[in-house]
Number of protein chains: 2
Amino acid sequence: MSFRAALSAFRPTPESIPPPNVNLTLPVPAGLPVHIHPLNPLEFLLRGAQIYPDKLAIAHPDVPYPSFYTYAVWAQRVQNFAYGLIQAGIRPGDRVAVIAPNSPMIADAMQGAIGARAILTTVNTRLTKAEVDYILEHSGSKLIFVDHEYADLVKGAKVPVIVCSDTGRAGDAYEEFLSAGRRSSRERGWQGLEMDADENAPSCLNYTSGTTGRPKGVLTTLRGTYLAAIANAFEAQMNKESTYLWILPMFHAAGWTYPWSVTFSFSTQITLRTVDNTLIWKHMLHSAVTHYCGAPTVQIGIVNHPHAKQLTRPVRAIIAGAAPTAHLLSELEKLNILPVHVYGLTETYGPFTRNYPQDAWQSLSAAERARLSARQGHAFATSAPLRVVHPLADLPPGTAPGTLLDVPKDGKTVGEIVARGNITMLGYFKDQAATDHAFEGGYFHSGDLAVWSADGSVAIQDRSKDIIISGGENASSLAIEQELSSHPDVLEVSVVAREHPKWGERPMAFVLLHAASAKKWAGKHAEFAADLKRHARGRLPGFATPEWVAVVKELPKTSTGKILKTSLRKRAALAKL
Amino acid sequence: MSFRAALSAFRPTPESIPPPNVNLTLPVPAGLPVHIHPLNPLEFLLRGAQIYPDKLAIAHPDVPYPSFYTYAVWAQRVQNFAYGLIQAGIRPGDRVAVIAPNSPMIADAMQGAIGARAILTTVNTRLTKAEVDYILEHSGSKLIFVDHEYADLVKGAKVPVIVCSDTGRAGDAYEEFLSAGRRSSRERGWQGLEMDADENAPSCLNYTSGTTGRPKGVLTTLRGTYLAAIANAFEAQMNKESTYLWILPMFHAAGWTYPWSVTFSFSTQITLRTVDNTLIWKHMLHSAVTHYCGAPTVQIGIVNHPHAKQLTRPVRAIIAGAAPTAHLLSELEKLNILPVHVYGLTETYGPFTRNYPQDAWQSLSAAERARLSARQGHAFATSAPLRVVHPLADLPPGTAPGTLLDVPKDGKTVGEIVARGNITMLGYFKDQAATDHAFEGGYFHSGDLAVWSADGSVAIQDRSKDIIISGGENASSLAIEQELSSHPDVLEVSVVAREHPKWGERPMAFVLLHAASAKKWAGKHAEFAADLKRHARGRLPGFATPEWVAVVKELPKTSTGKILKTSLRKRAALAKL
């Protein structure tokens with residue numbers, strides 16, 4: 001059934017239907033001059049409901065009870081959500097948690113929390129119960145929305161919990177919450193809500209999924225969300241004809257602000273509960289998908305799926321989390337998937353830089369083009385420019401503390417990427433010490449080590465802790481991975497440091513083989529290792545050639561799909577080789 | 001010669017060439033928190049110079065001395081401009097005037113004034129000397145840039161004048177100014193300039209070309225310009241592949257903020273000194289133009305030009321100033337020119353609303369579709385929502401002064417369009433009384449009378465002074481013009497009120513005929529009048545049918561292409577009929 005047919009067949013709850021002649025504006029806060037109104041990303045949805053009320057806003061097709069909402073209906077549900085929060089006693093600035101895969105509930109929460117001026121804490125569904133407990137406790141969330149599949153994660157919670165069965169039908173506790181919100185509003189509508197007069201008020205509280213230590217709570221602002229969302233919509237060239245496929249979890253850095261890029265551009269969004277490549281290809285081929293976001297590891301799964309075939313319309317893949325390899329870029333392009341390589345962190349609202357392809361690259365070799373495309377590029381239009389500075393620990397003696405010295409733009413000197421301005425977080429929640437540390441010298445310190453080219457483009461070499469000091473030389477694990485991934489049998493590879501009696505450290509590669517290659521090399525891993533090292537020697541300096549190669553069945557990953565190098569380092573240390 | 005060839009052949013002055021490894025960032029003002037940087041539209045140009053240094057930024061081809069600048073070179077010239085201002089003693093907040101047609105100088109000034117934190121006063125080249133004197137005096141401009149063709153307009157000026165010969169070559173006084181600016185900078189570059197810490201600081205001073213009374217000086221802000229420019233780039237779907245043709249004068253409401261939409265989107269701009277339809281068609285057909293702005297009267301000239309032919313690539317025409325007629329819309333579409341109908345005033349940075357076409361319109365008749373397309377629509381994404389309110393003069397007795405009461409969204413009740421927020425001016429320069437009056441009730445009063453539809457779309461009926469009170473009924477001159485323009489012989493038409501002994505007022509139509517039609521009706525204007533009235537009677541109520549019809553050879557227009565209804569009213573009053 002087409003989405004159009006499904007939309008007309010689906011009956012939202014009666015409380016989801018807006019009253020006639022609804023006023024789709026938020027009241028202007030009193031006391032502001034005529035020439036200013038506070039930047040507020042919820043306004044994008046209200047415009048969508050006003051201008052394209054009958055356009056499909058959310059399609060949630062691949063579940064036992066599919067649901068489909070137009071912009072007008074969705075806006076009403078978001079309003080109900082806001083009133084539901086207020087009725088539950090949520091006050092401006094209070095935290096509200098949501099634990100859910102991509103689904104209408106979390107999409108509602110992204111918008112609705114702003115309506116009630118609450119701070120939304122999205123919790124990663126892949127965390128352990130202890131981690132979830134910590135985040136709920138640390139955030140001081142007063143109300144929890146949880147998807148039925150993850151209800152166990154909040155068992156014993158000390159605050160009210162609303163379990164959503166993801167049905168969109170009456171009888172679902174989440175629908176009851178929305179309907180009660182509508183009733184409590186007594187049809188005051190948007191006019192009964194308040195817009196924050198301070199555009200720098202906190203908007204979301206996004207916990208990092210750091211590979212080490214406690215997660216930190218990143219506070220974003222309304223202004224930052226507004227400007228980051230516009231930048232993302234512009235960089236991805238989204239418009240009313242776009243269909244955005246939610247592969248990236250919305251709980252990951254508030255979905256990189258795409259929940260508001262989608263409403264800014266009046267796009268349709270399709271919510272996928274899991275990264276299921278069969279479903280992804282179904283929608284790529286049959287649901288007019290034009291955009292999706294994902295880390296390279298997600299993209300690898302997509303290009304290698306048996307249903308993969310060249311798309312008749314171009315699809316833009318926004319890639320972040322690590323640099324795409326040359327091999328991946330060319331595989332994507334073969335399928336008519338146009339890569340938009342971006343970079344960022346939870347602290348920068350997700351992406352805040354982009355690799356801007358140049359016309360002149362067309363005349364270069366595929367390898368050279370891929371090398372240039374893998375750079376993290378330049379800051380977005382609505383960000384302040386980034387800098388690459390000498391790591392604070394490495395400053396010459398006598399330098400004033402917190403001094404930021406740019407590294408030369410020589411494409412060689414390694415420094416740390418620092419950022420500031422409208423697409424940099426407000427700070428870490430309840431952690432002034434960590435905030436002060438991260439903001440030393442008036443810039444946010446990313447922890448990512450990069451070189452800066454004469455053209456202003458940055459290229460990440462590694463997280464500071466991922467650099468391999470081999471024979472006194474700094475070897476970038478990322479650069480090694482880039483080269484190893486060009487070996488035809490390699491599907492995915494991760495490289496970490498391992499202690500070496502002579503050289504201090506030497507690189508160790510963990511390799512996942514293509515299915516066919518795994519058969520070919522079965523029982524012959526030593527031969528494969530030799531072959532891979534031969535491949536590497538022609539491409540890398542000696543100190544960067546992997547000393548050890550382990551063929552593995554899977555690579556350990558964080559809940560957001562990043563390879564867990566800490567875990568690989570432990571395995572490397574214990575491995576008998 | 002192609003632009004690419006022309007660009008490589010052209011030699012900018014030595015001082016236009018940036019030094020190697022230039023730092024293309026403005027210093028961050030001290031004292032701001034890490035999560036905020038002031039919105040500043042000059043940053044877009046600096047990004048262009050950083051990311052696409054060799055891309056053609058400005059082509060100025062149709063002059064005795066053509067010039068062509070890449071983004072890198074243009075940015076250096078803009079920097080030189082800023083230093084030139086500082087060297088000339090211009091301090092932050094000082095006014096600087098520019099009197100020029102579309103040309104590199106005025107494009108430089110739009111950006112360069114921000115670099116020196118000066119307020120740019122653009123002066124309409126079509127004004128009389130007395131009007132120019134008034135603006136120069138009222139603005140208190142301390143320095144004047146004037147294009148050689150308009151040097152007479154500033155004869156006897158009491159402040160320094162720089163005459164630009166529009167050559168881009170050494171020996172041109174303007175080039176000397178830029179070169180001296182570069183020398184005075186002593187290569188401190190962008191780092192020697194200051195970014196305004198206050199994003200609400202004034203940016204431009206744009207004088208209205210009101211049809212009555214003294215021009216008023218509209219102050220815009222950096223924040224407003226930044227957000228309006230992004231909205232315009234988004235609504236027009238501009239990107240790196242776009243080429244913007246300057247038909248709209250840049251001196252008109254600061255070119256509707258397109259000078260910064262172009263840099264935001266890394267587009268190429270072509271500067272045309274005059275509205276020359278032969279040149280326009282040359283560039284439409286051969287210079288890869290993708291976008292231009294213009295009032296309907298300009299569009300009429302374009303579609304009726306002998307060189308007009310269907311374009312192989314779509315061109316977006318951003319239309320404002322009056323609603324396009326059904327006939328015009330269909331003529332544009334035949335040529336593959338896609339109309340984007342926007343509306344605004346100098347006080348709203350030019351456009352701040354847009355007609356958002358709906359998929360459902362496809363199934364309507366051409367006439368009905370045109371009627372819907374002629375509505376002014378909804379406010380831009382970065383504007384606050386607009387309202388239509390009962391005119392303050394018409395409020396029920398006892399209502400508190402300044403109360404704004406929305407008219408019902410019935411598509412019938414006429415009210416005034418009011419606006420506020422980030423795309424509304426800071427105020428009128430040195431005219432607190434006019435500012436207070438315009439901002440009564442906390443909204444800017446546009447003076448445009450409109451109806452509000454249930455879908456939130458506004459449709460202008462008239463400027464308040466253009467309404468015709470015929471037999472006690474309010475007849476919209478605009479609605480009458482829309483209907484008369486559907487007569488096959490009518491090229492352009494304007495309708496005004498004329499006194500009538502019985503009905504108070506009755507409509508009088510001034511008609512410009514198509515060239516072929518003028519021959520057909522030569523010597524038979526009375527017959528044509530009868531024919532037009534017959535045409536009108538089926539389409540308009542009796543009180544709105546024109547009582548008188550005058551066939552004219554041209555319609556009087558303001559310097560910005562608006563039809564001068566004041567002048568037509570005078571002619572109507574004097575006409576013997």
Side-chain angles (χ1 to χ4, degrees), chain A residues 20-21 23-26 28 32-37 39 43-44 46-47 50-55 200 221 223-224 227 230 233-234 237 239-240 264-266 356 358-360 377-379 381-385 387 406 408-409 420-422 424-427 438-439 442-444 454-457, chain B residues 20-21 23-26 28 32-37 39 43-44 46-47 50-55 200 221 223-224 227 230 233-234 237 239-240 264-266 356 358-360 377-379 381-385 387 406 408-409 420-422 424-427 438-439 442-444 454-457:
Chain A
N21 304 319
N23 181 345
L24 286 155
T25 60
L26 284 166
V28 181
L32 290 173
V34 174
H35 69 283
I36 293 177
H37 74 281
L39 302 179
E43 291 214 308
F44 302 150
L46 272 61
R47 295 183 79 236
Q50 179 70 77
I51 299 174
Y52 296 111
D54 302 326
K55 185 173 193 286
N200 289 300
T221 70
R223 171 182 167 108
L227 292 168
I230 290 179
F234 184 77
Q237 295 278 296
N239 61 33
K240 180 173 90 73
F264 173 77
S265 58
F266 308 124
Y356 291 89
Q358 304 283 325
D359 291 344
H378 301 87
T382 57
S383 165
R387 294 168 64 185
D406 288 356
K409 288 185 181 167
R420 58 158 291 132
N422 298 323
T424 298
M425 68 168 177
L426 185 56
F439 283 175
Y443 277 75
F444 165 67
D455 67 4
S457 191
Chain B
N21 303 319
N23 181 345
L24 284 155
T25 59
L26 284 167
V28 180
L32 289 174
V34 174
H35 69 284
I36 293 178
H37 74 281
L39 302 179
E43 290 213 309
F44 302 151
L46 272 61
R47 293 184 80 237
Q50 179 71 77
I51 299 174
Y52 296 111
D54 302 325
K55 186 174 192 285
N200 289 300
T221 68
R223 171 183 168 108
L227 292 168
I230 289 180
F234 184 77
Q237 294 279 295
N239 60 35
K240 181 173 89 73
F264 172 76
S265 58
F266 308 122
Y356 291 88
Q358 304 283 325
D359 290 343
H378 301 86
T382 58
S383 164
R387 294 168 62 186
D406 289 355
K409 289 185 181 167
R420 59 157 291 132
N422 298 324
T424 298
M425 68 169 176
L426 185 57
F439 283 174
Y443 276 75
F444 165 67
D455 66 4
S457 190

Output yes when a side-chain donor or acceptor of B:His35 lies under 3.5 Å from a complementary backbone atom of A:Thr424, and no otherwise.
no

Specify which of B:Asp406, B:Leu39, B:Leu32 makes the most heavy-atom pairs with chain A at under 4.5 Å.
B:Leu39

A:Leu227 versus chain B, the contacting section by heavy-atom distance below 4.5 Å
side chain

Honestly, the part of A:Phe234 sitting under 4.5 Å from a heavy atom of chain B is side chain

Among B:Thr25, B:Ile230, B:Asn200, B:Thr221, the residue with the most heavy-atom pairs under 4.5 Å to chain A is B:Asn200

Using the side chain to side chain donor-acceptor pair (under 3.5 Å) criterion, which residues pair with B:Asn21? Sequence neighbours excluded.
none

A:Arg47 side chain to B:Ala379 main-chain N or O, any donor-acceptor pair under 3.5 Å?
yes

With chain A as the partner, which of B:Pro408, B:Ala454, B:Ser383, B:Gly427 has the greatest number of non-hydrogen pairs under 4.5 Å?
B:Ser383

Under 4.5 Å from any heavy atom of chain A - which part of B:Ser457
neither

Please flag which part of B:Pro33 lies under 4.5 Å from any non-hydrogen atom of chain A: side chain, backbone, both or neither.
backbone

Could you check if a side-chain atom of B:Gln358 sits within less than 4.5 angstrom of a side-chain atom of A:Ile51, using non-hydrogen atoms only?
yes

Using non-hydrogen atoms and a 4.5 Å limit, figure out which bit of A:Arg387 sits close to chain B: side chain, backbone, both or neither.
neither

Winner by heavy-atom pair count (cut-off under 4.5 Å) against chain A, out of B:Lys55, B:Met425, B:His378, B:Gln237:
B:His378

Residue from B:Pro20, B:Ser265, B:Gly421, B:Gly377 scoring the most non-hydrogen pairs under 4.5 Å with chain A is B:Gly421

Which answer fits B:Glu43, side chain, backbone, both or neither, if we ask what part of it has an atom under 4.5 Å from a heavy atom of chain A?
side chain

Against chain B, label A:Leu46 side chain, backbone, both or neither, depending on which of its atoms sit under 4.5 Å from a heavy atom there.
neither

Could you tell me which portion of A:Lys240 (side chain, backbone, both or neither) has an atom closer than 4.5 angstrom to a non-hydrogen atom of chain B?
side chain

Once ring-ring contact (aromatic ring centres under 6.0 Å, His included) is applied, do any residues pair with A:Tyr443, and if so which ones, sequence neighbours excluded?
none

Side chain from CB out, backbone as N, CA, C, O: work out which of these in B:Tyr356 comes under 4.5 Å of a heavy atom of chain A, or both, or neither.
both

